[in-house]
Amino acid sequence: MSVICGLPILECVYCLGCARWVWKKCLYTAGYESENWGLATAEEFEPIPRFCRMILAVYEDDIRNPQWAPEGGYGINADWIILRKDYGDNQGCVTPYMIYLDHDRSEIILAVSGLNLGKESDYAVLLDNKLGQTEFHGGYVHNGLLKAAEWVFDAEWEVLRKLIAEYPTYMLTFVGHSLGAGVVALLTMLALHDRDKLGLQRNKMKCYAIAPARCMSLNLAVRYADVINSIVLQDDFLPRTTTALESVYRSLLCWPCLLCLLCLKDTCTLEEKKLRDPRRLYAPGRLYHIVERKPFRFGRFPPVVRTAVPVDGRFDHIVLSCNATSDHAILWIERESRQALDLMLEKDRHMDIPAEQKMVRQKSLAREHSQEYRAALQRAVALDIPQAYSPSSYGTFHEIDIKEDSGRSSGKSSSLSDKKQSEGWNEFVGRMFDVDDTGHMVFKKTTP
């Protein structure tokens, strides 16, 4: 009898819990994720609209006679295109891409297009992601995207090496959208681990992943934040989708129901459990969040771009929004990023910043990014993220590089370090002591 009397109480508690969850999720918007982030500047955000147009150019059959050029055109010189490869050339291993030599901005650019809804090979790449299947230098990565990145690297590293040797001052930049964004993020990691093949230093490499899939574990996402940048428009679903992508694309006809199930799962999962799961994948690198809509407001507002290297709260929640899929389109991202950049430049013009002060601001911006990157690494260690590394006390990435390369040359590096330690000790003894006539070691006499 007592059990039966307690059922109404349990029902009330359950209903209140469901009502609280619905209320919380209905009020939750994408702007809450980045409301405490800093504002991006025009200098750091300037390449984004340009790279969006370059990715769109990959879809063109004939770049000299474009059919889907955005407003203002693609802004590229067809004579500077080094190579283009489509599905026939790639054997279905990766989406089409091109290598472009931008002499105006001193850049070597490899641009990879996004998923084609009509190509089964693209689905095969994106859905090849068994949880915890692939380890990569102390973390986990998306299996299918890693295979695609390895295919591109094996096919093009010699071409890139020749271009780097011919133009040693140029920056090597990888850009991609959607599936291509995940490919270039992992391609950047492969290039950093095989720098000897390319003959390029870490500070001469950049990656811009536009609307990326979650492709690497949290420790890797933070560790490579100095090189990899992710751009997300408002409510985009793909950087937030934590479930198997196979379930997402099989459930397009029941998309609202799936979103509700994902939100319920994310809400009920403890934050500590998410952070300490080494197999949980995240959007890579430094995040740029374009926010253009506000809760309980209709229409779009002037876009604001916020940036950070977050550790906890890194796009962990699906947003219940009718724009969750439209915000993933490269056309919308190009349009909103261009408008956001125009607003930043207009603000700078009103402030009338002289050229010399702009150079000082660029140096301070680089210093701020470095400090934020180091703080993110320390935050990851403080939260007990698996395989999280502390930044070097000397302000460089040397210690991280040593840990990354230890897997392929651990025996050699350990023997070299032992040799250096023994040589250092012998030199110290030689400076401090002498051997007397009896064969005993005595302190050297200092001359006045």
**Derivation of the salt bridge (Lys or Arg N to Asp or Glu O under 4.0 Å) call for R293 and D327** = CA-CA 11 Å; R293 292 184 299 274; D327 285 346; 2.5 Å; yes
**Asked** Do H289 and Q234 meet the criterion of a side-chain donor-acceptor pair at a distance under 3.5 Å?
**Response** no
**Complete:** Output for pair (E334 CD, F51 CZ), nearest 0.5 Å, gives 13.5 Å
**Prompt:** Nearest heavy-atom pair of L198 and A191: which atoms, and what distance?
**Reply:** CD1-CB, 3.7 Å
**Asked** Is it true that the side chains of N116 and D122 contain a donor and an acceptor less than 3.5 Å apart?
**Response** no
**Request:** State plainly whether the residues D235 and R240 are in salt-bridge range, i.e. N to O under 4.0 Å.
**Result:** no
**Message:** Quick check: do T325 and F237 have side-chain heavy atoms less than 4.5 Å from each other?
**Reply:** yes
**Cation-aromatic face contact K119/Y87, 6.0 Å, 45 degrees** = yes
**Prompt:** Does a side-chain N-to-carboxylate-O contact under 4.0 Å join E166 and K162?
**Reply:** no
**Prompt:** Is R50 salt-bridged to E107, cutoff N-O under 4.0 Å?
**Reply:** yes
**Prompt:** Counting N and O atoms only, with roles assigned by atom type, does the side chain of S337 sit under 3.5 Å from a partner on the main chain of I333, one being a donor and the other an acceptor?
**Reply:** yes
**Request:** May I have all residue pairs that pass side-chain hydrogen bond (donor to acceptor under 3.5 Å, both in side chains) and include part of residues 67-86, sequence neighbours excluded?
**Result:** E60-Y74, R64-D79, K85-E156
**Asked** For L238 and H328, which heavy atoms make the closest approach, and how far apart are they?
**Response** CD2-CE1, 3.4 Å
**Side chains of T307 and R286, donor plus acceptor under 3.5 Å** = yes
**Message:** Could you check whether any side-chain N or O of R280 sits under 3.5 Å from a backbone N or O of S217, counting only pairs where one atom can act as donor and the other as acceptor?
**Reply:** no
**Asked** When you look at I228 and M216, which way does the side-chain contact (heavy atoms from CB on, under 4.5 Å) test go after all the steps?
**Response** CA-CA 12 Å; I228 303 176; M216 62 182 67; 4.2 Å; yes
**Asked** Looking only at side chains, do T134 and H142 share a donor and an acceptor under 3.5 Å apart?
**Response** no
**F315 CZ to S34 OG distance, which is reported to the nearest 0.5 Å** = 6.5 Å
**Message:** Is any side-chain heavy atom of H369 closer than 4.5 Å to one of V309?
**Reply:** no
**Prompt:** Within 45° of the six-membered ring axis of Y140 and under 6.0 Å from that ring's centre, is NZ or CZ of R279 located there?
**Reply:** no
